[in-house]
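Worksheet for the structure shown next.
Predicted model, so just to flag it, every value in this text is computed and none were measured.
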Amino acid sequence: MSKKSAKNSGLVYSTEFGRMCPECGKPVDACVCGQAGVPQGDGVVRVSRETAGRKGKGVTVVKGVLLAGEELKNLAKHLKQKCGVGGTVKDGVIEIQGDHRDLIVEELKKKGFTAKKAGG
């Protein structure tokens, strides 16, 4: 059996459980292989400003937060509300519209994170 056919030969549906995860073989509702774990890092949250790829519009970027999933989204929501702006979470990085580095660093310190401004 070739590598390609061995990789794609997993169970994808069961009449008893419904859709199955091809990686771990568990029902999709109970699958743990697709969940992101807590990211690794040095524990320092770095807050910087970026404009690259945004047509000159600046965003505040928060990297190094050792949270995953819903906790990271809830932190992003809290920071967006404090700044009164929009934003998003992409690949474990929080992006807040505009330059709000000072406010975000203070808010992260209040929440118990070790935060510092990074970049220029």
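Between Leu103 and Leu79 the shortest side-chain heavy-atom distance does not fall below 4.5 Å. The shortest side-chain heavy-atom distance between Val62 and Phe113 does not fall under the 4.5 Å cut-off. The shortest distance between side-chain heavy atoms of Lys82 and His100 does not fall below 4.5 Å. The side-chain heavy atoms of Lys117 and Asp102, taken from C-beta on, include a pair separated by under 4.5 Å.
Of all the heavy atoms in Ala115 and Leu108, the pair that sits closest is CB-CB, 3.9 Å. The shortest heavy-atom contact between Val89 and Ala76 is CG2-CB, 3.5 Å. Residues Gly92 and Leu72 approach most closely at CA-CD2, 3.7 Å, considering heavy atoms. When all heavy atoms of Ser48 and Ala118 are compared, the closest pair comes out as CB-O, 3.3 Å.
Hydrophobic clustering, with ILVMFWY side chains joined whenever heavy atoms are under 4.5 angstrom apart, keeps Val93 apart from Ile104. Val105 and Leu67 fall within a single hydrophobic cluster, where Ile, Leu, Val, Met, Phe, Trp and Tyr side chains are chained together by heavy-atom contacts under 4.5 Å. There is no path of hydrophobic side-chain contacts, each under 4.5 Å, that joins Ile94 to Val59.
One finds the OG1 atom of Thr60 at 10.0 Å from the CD atom of Glu50 (value rounded to the nearest 0.5 Å). Note that NZ of Lys57 and CG of Asp99 are 14.0 Å apart. Values are rounded to the nearest 0.5 Å.
Lys80 meets the side chain to side chain contact (heavy atoms under 4.5 Å, CB included) test with Ile96; sequence neighbours excluded. Evaluation of the side-chain hydrogen bond (donor to acceptor under 3.5 Å, both in side chains) rule for Arg46 yields Asp42 as partners, not counting sequence neighbours. Taking Glu95 as the reference, Arg54 meet the side-chain hydrogen bond (donor to acceptor under 3.5 Å, both in side chains) condition, with sequence neighbours excluded.
A donor-acceptor contact shorter than 3.5 Å is absent between the side chain of Thr114 and the backbone of Val44.
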